[in-house]
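Below you'll find the structure, written out as structure tokens, and then a few comments.
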Number of protein chains: 2
Amino acid sequence: MKKSKDENTEEHILEAAKLVFQSKGMDGARMQEIADQAGINKAMLHYYYRSKQLLFEAVFHNAFMLLAPQLKTVLNDDSSIEEKIKNFTSNYISFIVKHPYIPNFIIQELNRNPDFLIKMKENPNFPNLKKFRNQLNQEIESGIIIPISAEQLFINIMALNVFPFVAQPLLKAFTNTDNNTYKQLMKDRKTEAANFIINAIKLN
Amino acid sequence: MKKSKDENTEEHILEAAKLVFQSKGMDGARMQEIADQAGINKAMLHYYYRSKQLLFEAVFHNAFMLLAPQLKTVLNDDSSIEEKIKNFTSNYISFIVKHPYIPNFIIQELNRNPDFLIKMKENPNFPNLKKFRNQLNQEIESGIIIPISAEQLFINIMALNVFPFVAQPLLKAFTNTDNNTYKQLMKDRKTEAANFIINAIKLN
DNA sequence: AAATTTGTTAACCAAATGGTTAAACCGAAT
DNA sequence: ATTCGGTTTAACCATTTGGTTAACAAATTT
């Protein structure tokens, strides 16, 4: 049992907290489990993060800050709408494979406490539809794609990309597919989902 | 404080439990809060349902049994794929307005405990894609719609209809819309979402 | 109407849980 | 070597929580 000063205990805690919070949620997580996961004494959690709530907020903030930049592909990129959709869909699915718990974690905890975002929305880097809307309207005027509001298209893009992961257990049951088959379905979506969206909005 | 025998205490409990579980989840819910909500003594919860776990399962089962029949519109109906999509989209959104917590509740708790479904999957009425797949393949062969697997199309339909409600807080923030505007967006989706899907799969 | 079963309550209990404390530990500066 | 600061731990604490119990009330049966 080492007692020597560990250079980055604080990060170890955060990493352990991430694991536990993201799989059990705020209410289901136990401070003791986080401490065990980090291999340290429970008091350390409070020494570095004061309370469960603050530790949770640190984890949530980290997760959100990882997810938000993903949206840049679809919101602030300079390529055409069609390219953006293709890129985002492919990128996002790769992202999820690396961080499978994130979308669920965020959506879940946000539903329990929507106030989490009001602070973050003040950040000038917080994702917004402005540029996307302009570009979309331009392409609509050019007759490249059908008339659709930026909000609805954005919701559709998010839905088709995020939902299959968020609702995985439910969809697995309904489609009656095992783990591997479902994984393959998700891989296929890298192009399938993008094509689906483009078909829906492209004027032939 | 009445002590007289109440004809349907059991149902009162279930109703109260539904309210509390669906807004706070299994881990966040408190037996005392459910008792208070039902206006009875906490011991009654155990008298009728033995444990928190069993009471929760009763609530979950009820919720799932309410959601599952909604899928009949898209899975076992006799109309064309196009009509099914239109009907389901419109019906589902009406359903959600009546039971706003259900999809989130189910998805959330299913992620925490995927085993909940293995018992239910044995039920012969459990939703399955068989009929939908046959019909889809037929329409694909007839050249009415583009080639797409039943699983992918089903996932897309679910995603476009369910996700906007599940991820409401997140989408509200990203699209920077207030409550009323978002409600209007959802209403619009009754036709918008259906048309989007149909555009995506219909051969012109 | 007496006895028995069912429904209901207040009080209680043991375990779990987030959080605190006081002392010990350790590396660095004096 | 001693002191001093931040770091770490074991033990402890108050509260919360799911669950139990024993007594009592209301129906129901005999």
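Naming convention: chains lettered A, B, ... in sequence-line order (proteins, then strands); numbering from 1 in each chain. For the numbers below, each heavy atom of this structure counts, side chains included, while hydrogens, waters and symmetry mates do not.
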>> Just N and O in the side chain of A:Thr9: are any of them under 4.0 Å from OP1 or OP2 of D:dT7?
In response: no
> With B:Lys52, which residues qualify under side chain to side chain donor-acceptor pair (under 3.5 Å), at least two apart?
Replying inline: none
> Once you round it to whole Å, what is the distance between P of C:dG7 and CD1 of B:Ile13?
Replying inline: 11 Å
> Separation of B:Leu45 atom CG from C:dG7 atom P, in whole Å?
Replying inline: 15 Å
Pairs: protein N or O with nucleotides 11-15 of chain C N or O, under 3.5 Å:
none

> Considering only heavy atoms, which members of residues 51-61 of chain A lie under 4.0 Å from some atom of DNA chain C?
Replying inline: A:Ser51, A:Lys52
> Once you build an axis from the first five pairs and another from the last five of the helix from C:dA1-D:dT30 to C:dT30-D:dA1, how far apart in angle are they, to 10 degrees?
Replying inline: 10°
Run the side-chain donor-acceptor check on residues 150-166 of chain A: report pairs under 3.5 Å with partners two or more places apart or on a different chain.
{"from": "A:Glu151", "atom 1": "OE2", "to": "A:Arg133", "atom 2": "NH2", "distance (Å)": "2.4"}
{"from": "A:Gln152", "atom 1": "OE1", "to": "B:Arg189", "atom 2": "NH1", "distance (Å)": "2.8"}
{"from": "A:Gln152", "atom 1": "NE2", "to": "B:Leu185", "atom 2": "O", "distance (Å)": "3.1"}
{"from": "A:Asn156", "atom 1": "OD1", "to": "B:Arg189", "atom 2": "NH1", "distance (Å)": "2.9"}
{"from": "A:Asn156", "atom 1": "OD1", "to": "B:Arg189", "atom 2": "NH2", "distance (Å)": "2.7"}
{"from": "A:Asn156", "atom 1": "ND2", "to": "A:Gln152", "atom 2": "O", "distance (Å)": "3.4"}
{"from": "A:Asn161", "atom 1": "ND2", "to": "A:Ile157", "atom 2": "O", "distance (Å)": "2.9"}

>> Show every side-chain hydrogen bond (donor to acceptor under 3.5 Å, both in side chains) that has at least one partner inside residues 113-128 of chain A, sequence neighbours left out.
In response: A:Lys121-B:Asn176
> Over how many whole Å does the gap from A:His46 atom NE2 to D:dT8 atom C1' extend?
Replying inline: 15 Å
>> Once side chain to side chain donor-acceptor pair (under 3.5 Å) is applied, do any residues pair with B:Asn180, and if so which ones, sequence neighbours excluded?
In response: none
> CG of A:Asp27 versus C1' of C:dG18: gap in Å, rounded?
Replying inline: 13 Å
> Which residues satisfy the side-chain contact (heavy atoms from CB on, under 4.5 Å) test with A:Lys72, sequence neighbours excluded?
Replying inline: A:Asn76
> Can you check the A:Tyr47 OH to C:dC25 C1' distance for me, whole Å?
Replying inline: 13 Å
>> Below 4.0 angstrom, which residues in residues 28-36 of chain A have at least one non-hydrogen atom near DNA chain C?
In response: A:Ala29, A:Arg30, A:Met31
>> How many whole angstroms separate atom CZ of B:Phe21 from atom C1' of D:dG18?
In response: 11 Å
>> From OH of B:Tyr49 over to P of C:dG7, roughly how many Å is that when rounded to an integer?
In response: 13 Å
>> Under the criterion salt bridge (Lys or Arg N to Asp or Glu O under 4.0 Å), I'd like the reasoning laid out for A:Lys18 against A:Glu15: C-alpha separation, chi angles, the key distance, then a yes or no.
In response: CA-CA 5 Å; A:Lys18 186 185 96 185; A:Glu15 185 61 27; 3.5 Å; yes
>> Once salt bridge (charged side-chain N to carboxylate O under 4.0 Å, His left out) is applied, what residue pairs with a partner in residues 82-98 of chain B remain, sequence neighbours excluded?
In response: B:Glu82-B:Lys86, B:Glu82-B:Lys202
>> Checking B:Glu141 against B:Asn137 for the side-chain hydrogen bond (donor to acceptor under 3.5 Å, both in side chains) test, could you report, in this order, the C-alpha distance in whole Å, the side-chain angles of both residues, the deciding distance, and whether it holds?
In response: CA-CA 6 Å; B:Glu141 276 181 42; B:Asn137 288 339; over 6 Å; no
>> Below 30° counts as parallel, above 60° as perpendicular, anything between as tilted: where do the rings of A:Phe95 and A:His99 land?
In response: tilted
>> Exactly one of A:Val59, A:Ile40, A:Leu45 should register a side chain to side chain contact (heavy atoms under 4.5 Å, CB included) with A:Ile34. Which one does?
In response: A:Leu45
> Can you pull the side-chain hydrogen bond (donor to acceptor under 3.5 Å, both in side chains) pairs that have at least one residue in residues 19-33 of chain B, sequence neighbours excluded?
Replying inline: B:Lys24-B:Glu33, B:Gln32-B:Asp36
> For the ring pair (Phe, Tyr, Trp, His ring centres under 6.0 Å) test, which of A:Phe116, A:Phe56, A:Phe21 pairs with A:Phe105?
Replying inline: A:Phe56
> Sequence neighbours excluded, which residues qualify as side chain to side chain donor-acceptor pair (under 3.5 Å) partners of A:Lys172?
Replying inline: A:Asn179
> Between C:dT9 atom P and B:Tyr48 atom OH, what is the distance in whole Å?
Replying inline: 10 Å
>> Show, in sequence, the C-alpha distance, side-chain angles and deciding distance for A:Thr181 and A:Asp178, and conclude whether the side-chain hydrogen bond (donor to acceptor under 3.5 Å, both in side chains) test is met.
In response: CA-CA 5 Å; A:Thr181 316; A:Asp178 59 43; 2.7 Å; yes
